[in-house]
J.: 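Got a structure for you, written out below as structure tokens; questions coming shortly.
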Amino acid sequence: MAAIRQPDGTPLMDSQGRVTSHLNGLFYRTISILEEGVIPIYVFDGKPPEQKSEELERRKKVKEEAERRLDQLKKEGTGEIKELKKYSQMSIKLTNEMAEESKKLLDLMGIPIIQAPSEGEAEAAYINSLGLSWATGSQDYDSLLFGATRLVRNLTITGKRKLPRKDVYVEIKPELIELAELLRKLGITREQLIDIAILIGTDYDPEGIKGIGIKTAYRIIKKYGKIETAVEKGEVSKQKITFNIEEIRNLFLNPLVKRPENNLELKDCDEEGIEELLVKEHDFNEERVKNAIERLKKAKREAKGAERQKGLDQWF
DNA sequence: CGTCGCCA
DNA sequence: TGGCGACGG
């Protein structure tokens, strides 16, 4: 959504002015991932827990402000392209309709999707902890707090990426973090990792404890074992804690998740359905879509073949 | 972001 | 074949 747009920030749109950047990105990116031999399972966010509302409200305000700035720049008509792009990207909205259409496209492509009852991150970690996936793919470290065995960051973004508000580009490489190894290296438990996160600040306590950063948080939890003890011993002042520690800890340890009801295998794709949606409905180029569908079918055959081979190898 | 066409 | 810039909807 952020990247697939014109230099001035205008997203791709069909002839009726409906945004199509999400469909474009999902379609071509998913095929690329499959060609690399990775079978994705897409997890969609459900209703966030009430404790997240403060953070969501904050994000909403930032977005509304960006929207105002963008409108202003457009009205003046003198805005720099860079500025226009910045505020367009900051005002991105994923509507319900767009999310539903994304699910529809993935389903037509035969890619497994899961609707999380609450946090998608928690659901993905749960699926991973059940052994139904090899890792979670996310930019968010929260996965690990939710108990994912492995987290792959930068799975889908390759090459160079621009640093926000700077004209500096950095090389982005995929990064694998294994929870067990991380905890062993730090000499802590997952509960303690969660406590460290709470001290620094999470979506559920965005401010954290003022004055405590990563290093202090680690030192405190290493020394006292848990936040409550650190408070008792006077290391963390009680007044600074404006949230319910046990409640937030519980959101990470026992999040609302569900066992996936359908299997998470690749299915055959509905070629006509894809063309109907992308070409007829949203003005995608027919040849490009046809060509991509061929790549999709080939990549899936190979992915499934590899799975079968793995199964056989295990057997013998 | 990913594809495509152009060019060396 | 690989780098680069324009374009996709």
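Order of the sequence lines fixes the chain letters, A, B, ..., with proteins taken first and strands second; residue numbering starts at 1 for each chain.
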J.: Looking at A:Lys47, I'd like to know if its NZ atom is crowded, meaning that more than 12 non-hydrogen atoms belonging to other residues, nucleotides or ligands lie closer than 6.0 Å.
T.: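 No, the 6.0 Å shell around NZ holds no more than 12 heavy atoms from other groups.
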
J.: How long is the gap from OG on A:Ser32 to CZ on A:Phe27, to the nearest 0.5 Å?
T.: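 Between A:Ser32 OG and A:Phe27 CZ, I get 10.5 Å after rounding to 0.5 Å.
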
J.: Strictly distance-based, threshold 3.5 Å: is any side-chain N or O of A:Asp203 a donor or acceptor partner for the main-chain N or O of A:Lys52?
T.: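 No; judged by distance alone, with no hydrogens or angles, the pair does not exist.
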
J.: With the side chain of A:Ser32 defined as its heavy atoms from C-beta on, choose the nearest nucleotide among B:dC1, B:dG2, C:dG9.
T.: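 Per side-chain heavy atoms of A:Ser32, the pick is B:dG2.
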
J.: Using atom CD of A:Gln6 as one end and atom P of B:dT3 as the other, report the distance to the nearest whole Å.
T.: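 Taking CD of A:Gln6 and P of B:dT3, I get 19 Å after rounding.
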
J.: Charged N to carboxylate O below 4.0 Å: is that the case for A:Lys61 and A:Glu64?
T.: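 No salt bridge links A:Lys61 with A:Glu64.
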
J.: Rounded to whole angstroms, how far apart are CE on A:Met98 and C1' on C:dG9?
T.: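 Answer to the nearest Å: 13 Å.
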
J.: Are any of the side-chain nitrogens in A:Glu275 or A:Lys290 under 4.0 Å away from the carboxylate oxygens of its partner?
T.: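 Salt bridge: yes.
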
J.: Using a 4.0 Å cut-off on heavy atoms, which residues in residues 280-287 of chain A reach DNA chain C? List them by number, or say none.
T.: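 Within residues 280-287 of chain A, the residues near DNA chain C are A:His282, A:Asp283, A:Phe284, A:Asn285.
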
J.: Looking at A:Tyr141, is A:Arg153 sitting on its ring face, NZ or CZ under 6.0 Å from the six-membered ring centre and within 45 degrees of the normal?
T.: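 Yes, a cation-pi geometry holds between A:Arg153 and A:Tyr141.
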
J.: Measure CG/A:Asn24 against P/B:dC4 and give the value in whole Å, please.
T.: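 That distance rounds to 11 Å.
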
J.: Between atom CG in A:Asp8 and atom P in C:dA6, what is the gap in whole Å?
T.: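 For the pair A:Asp8 CG and C:dA6 P, the rounded distance is 15 Å.
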
J.: Of the residues in residues 290-303 of chain A, which ones touch DNA chain C at a heavy-atom distance under 4.0 Å?
T.: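 Contacting residues: none.
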
J.: Between the main-chain N or O of A:Gln115 and the side-chain N or O of A:Lys258, is there a donor-acceptor pair closer than 3.5 Å?
T.: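 Checking the backbone N and O of A:Gln115 against the side chain of A:Lys258, a donor-acceptor pair under 3.5 Å is found.
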
J.: What about A:Met1 and A:Tyr28, same hydrophobic cluster or not, with Ile/Leu/Val/Met/Phe/Trp/Tyr joined at side-chain heavy-atom distances under 4.5 Å?
T.: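 No, it is not one cluster - the side chains of A:Met1 and A:Tyr28 are not joined through contacts under 4.5 Å.
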
J.: Whole-Å distance between C:dG8 P and A:His22 NE2?
T.: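 One finds 18 Å between P of C:dG8 and NE2 of A:His22, rounded.
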
J.: Does A:Arg29 make a side-chain N or O approach to OP1 or OP2 of B:dC1 shorter than 4.0 Å?
T.: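 Checking A:Arg29 against B:dC1: no side-chain N or O falls below 4.0 Å of OP1 or OP2.
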
J.: Answer yes when A:Arg58 and A:Glu54 have at least one side-chain N-carboxylate O distance shorter than 4.0 Å, and no when they do not.
T.: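 No, no charged N to carboxylate O under 4.0 Å.
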
J.: Roughly, in whole Å, what's the span from CD1 in A:Ile4 to P in C:dA6?
T.: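 Whole-Å distance recorded here is 19 Å.
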
J.: Roughly how many Å is it from CG in A:Leu26 to C1' in B:dG2, rounded to a whole number?
T.: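 Computing the A:Leu26:CG to B:dG2:C1' distance gives 13 Å.
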
J.: May I have the distance from A:Leu12 (atom CG) to B:dT3 (atom P), rounded to whole angstrom?
T.: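 Between P of B:dT3 and CG of A:Leu12: 14 Å.
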
J.: Using a heavy-atom cut-off of 4.0 Å across all strands, would you classify A:Arg18 as base, sugar-phosphate, or nothing?
T.: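 Nothing: the residue A:Arg18, judged by heavy atoms under 4.0 Å, touches no strand.
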
